[in-house]
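Per chain, numbering begins at 1; letters A, B, ... match sequence-line order.
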2 protein chains.
Amino acid sequence: MDLLNKFKNSLNANNYKLTRQREDILKIFLENKDRHFNAEELFEEVKKINYDVGLATVYRSLELFCELDIIHQLDFDVSCKRYELNIQGNHHHHLICLECGKIKEFNDRVLEEFENSIQKEHNFKVVNHRIKFYGICKKCEV
Amino acid sequence: MDLLNKFKNSLNANNYKLTRQREDILKIFLENKDRHFNAEELFEEVKKINYDVGLATVYRSLELFCELDIIHQLDFDVSCKRYELNIQGNHHHHLICLECGKIKEFNDRVLEEFENSIQKEHNFKVVNHRIKFYGICKKCEV
DNA sequence: ATCGATGCAAACCTTTTGCATGCAG
DNA sequence: CTGCATGCAAAAGGTTTGCATCGAT
């Protein structure tokens, strides 16, 4: 089942209505899997395909999508909230260039093991982690 | 040299004045090394020892202290900016309990090595990293 | 037809800024 | 004395909310 249908089922199962606006907003996420939208940017994109969407609806949809685990909040940006799609098997972390601000994603395997040692050493049952490496990307290093 | 004097020198070296307010704000940080203040909380604390401090001064001091590398911004909280002291040799990461919200700090050694593999694999020169583990703390697990 | 979802505008909250005054150097 | 730092209040983002209307079921 593709993501759009999965989303539709999820709405249904939770007694939320499938509206034009919600579908359009999700489409923007699906068509830009590598982007990390904030509300304003998402609003700009959605207006291109449906001019009558309000900013408040974008905010309300972002909250709803988080609740349904379709997207999650990111913490790159201290001045606004950013979001990205939750795609199964897409657990990854970010390399953030201090020069150009470009964000590259990378998958990890090593760190999963590391969680176990934390669990033992600190009596802390790890559920999730969020890791950011700041540095200088290939392009900027020249 | 203790941190307070180090701070005074740093101000001086950069042609900033040592004011009563700046000193009082830094004192709050020094007396609460384990806390992660936002502006409002810091403001409340400072007012206890110096009632005439304005909130704008707190914000301006936070910016200045970041510039001087005395403190740094944290990203736990998407709804406000939080800060903690930069203490040499105190590079650490955070275990954040999803139940009670308590934040425990831990030091790492293993991860430093991991940076090297990223550097090779992704052509990305790592300068810094920020890592958060979310989970359930000892107290909440019972 | 019903009740949740929407658009708009107003409210809110955190942070920043302009300006007259204060005070460290 | 001089110019940076401060307090206050206003402004500026970003986000949330109240309310009348719209539209999915």
Side-chain angles (χ1 to χ4, degrees), chain A residues 4-5 7-28 36-47 49-68 70-83, chain B residues 4-5 7-28 36-47 49-68 70-83:
Chain A
L4 193 56
N5 280 315
F7 162 69
K8 288 177 181 174
N9 285 349
S10 180
L11 280 178
N12 219 315
N14 292 278
N15 285 315
Y16 293 118
K17 288 177 182 167
L18 174 62
T19 63
R20 174 84 198 282
Q21 288 88 331
R22 288 174 177 167
E23 193 166 347
D24 285 339
I25 290 168
L26 186 73
K27 269 187 202 160
I28 300 300
H36 311 104
F37 288 106
N38 65 17
E40 200 66 46
E41 291 164 0
L42 192 57
F43 182 51
E44 289 308 315
E45 287 301 315
V46 178
K47 274 202 297 195
I49 58 173
N50 179 356
Y51 191 77
D52 294 322
V53 175
L55 181 56
T57 298
V58 171
Y59 277 104
R60 284 187 276 235
S61 297
L62 287 170
E63 195 187 347
L64 176 64
F65 291 0
C66 280
E67 185 196 323
L68 297 180
I70 293 167
I71 60 174
H72 64 262
Q73 255 185 41
L74 298 167
D75 54 22
F76 304 134
D77 207 329
V78 282
S79 58
C80 68
K81 297 175 185 171
R82 294 189 171 276
Y83 300 85
Chain B
L4 192 56
N5 281 315
F7 162 68
K8 288 177 182 173
N9 286 349
S10 180
L11 280 180
N12 220 314
N14 292 281
N15 285 317
Y16 293 116
K17 289 177 180 167
L18 174 61
T19 63
R20 174 84 198 283
Q21 288 87 333
R22 287 174 178 169
E23 193 166 348
D24 285 339
I25 291 168
L26 187 73
K27 268 186 201 159
I28 299 300
H36 310 105
F37 288 108
N38 65 17
E40 199 65 47
E41 290 164 2
L42 192 57
F43 182 51
E44 288 308 313
E45 287 301 315
V46 178
K47 274 202 298 195
I49 58 175
N50 179 356
Y51 192 77
D52 294 322
V53 174
L55 181 56
T57 298
V58 171
Y59 276 104
R60 283 188 275 234
S61 298
L62 286 170
E63 195 187 347
L64 176 64
F65 292 0
C66 280
E67 184 196 323
L68 297 179
I70 293 166
I71 60 174
H72 65 259
Q73 255 185 41
L74 298 167
D75 55 21
F76 304 135
D77 208 328
V78 282
S79 57
C80 68
K81 296 175 185 173
R82 294 188 171 276
Y83 299 86

- Item | Distance (rounded to the nearest 0.5 Å) between Lys81(A) NZ and Ser79(B) OG | 6.5 Å
- Query: Atom CZ in Phe43(B), atom CG in Asn38(B): separation rounded to 0.5 Å?
  - Reply: 12.0 Å
- Note on the structure: Here the distance between atom C1' of dT15(C) and atom CD of Glu41(B), to the nearest Å, is 15 Å
- Message: On the nucleotide dT16(D), are OP1 or OP2 found under 4.0 Å from the side-chain N or O atoms that Tyr59(A) carries?
- Response: no
- Take the C1' atoms of the five end pairs on each side of the helix from dA1(C)-dT25(D) to dG25(C)-dC1(D), derive the two axes, and give their angle rounded to 10 degrees. 30°
- Using a cut-off of less than 4.0 Å, is there contact between a side-chain N or O of Lys81(A) and OP1 or OP2 of dT16(D)? yes
- Short side-chain to backbone donor-acceptor contact, Ser61(B) and Thr57(B), under 3.5 Å: yes
- Query: In whole angstrom, what separates Gln73(B)'s CD from dT15(C)'s C1'?
  - Reply: 11 Å
- Determine the contact category for Asp52(B): base if any of its heavy atoms lies under 4.0 Å from a base atom, sugar-phosphate if only primed atoms, P, OP1 or OP2 are that close, otherwise nothing. sugar-phosphate
- Message: What verdict does the side chain to side chain contact (heavy atoms under 4.5 Å, CB included) test give for Ile28(B) and Phe37(B), after you've listed the backbone C-alpha separation in whole Å, the side-chain angles of each residue and the deciding distance to 0.1 Å?
- Response: CA-CA 10 Å; Ile28(B) 299 300; Phe37(B) 288 108; 3.7 Å; yes
- Item | Distance (rounded to the nearest 0.5 Å) between Ile49(B) CD1 and Arg20(B) CZ | 7.0 Å
- May I have the distance from Asn15(A) (atom CG) to dA24(D) (atom P), rounded to whole angstrom? 17 Å
- Take Glu67(A) and Glu63(A), measure what side chain to side chain contact (heavy atoms under 4.5 Å, CB included) needs, and give me the verdict at the end. CA-CA 6 Å; Glu67(A) 185 196 323; Glu63(A) 195 187 347; over 6 Å; no
- Taking OP1 and OP2 of dG7(D), is either one under 4.0 Å from a side-chain nitrogen or oxygen of Gln21(B)? yes
- Message: On DNA chain C, compare the nucleotides closest to Leu64(A) and Cys80(B); which residue's is nearer the 5' end?
- Response: Leu64(A)
- Within the structure shown, what part of the strands sits under 4.0 Å from Glu40(B) by heavy-atom distance: base, sugar-phosphate, or nothing? nothing
- Message: Can you measure Leu55(A) atom CG to dA10(C) atom P for me and round it to whole angstrom units?
- Response: 15 Å
- Query: What pair of heavy atoms forms the shortest contact from Gln73(A) to Tyr83(A), and how long is it?
  - Reply: CG-CE2, 3.3 Å
- Message: Please report the distance, rounded to the nearest Å, between CD in Glu63(A) and C1' in dA5(C).
- Response: 13 Å
- What one-letter contact string describes nucleotides 18-25 of chain C from 5' to 3', where B marks a base within less than 4.0 Å of any protein heavy atom, S marks contact via sugar-phosphate atoms alone, and - marks no contact? B-----BS
- Protein-nucleotide distance (Arg82(B), atom CZ; dC13(C), atom C1'), rounded to Å: 14 Å
- Indicate yes or no for a side-chain donor-acceptor contact from Asn12(B) to the backbone of Lys8(B) under 3.5 Å, with no hydrogens or angles considered. no
- Figure out the CZ/P separation between Arg22(A) and dG7(C), and round it to whole Å. 11 Å
- Query: Arg82(A) side chain to Leu74(A) main-chain N or O, any donor-acceptor pair under 3.5 Å?
  - Reply: no
- Taken to the nearest whole Å, CG/Asp75(B) to P/dT14(C) is 18 Å
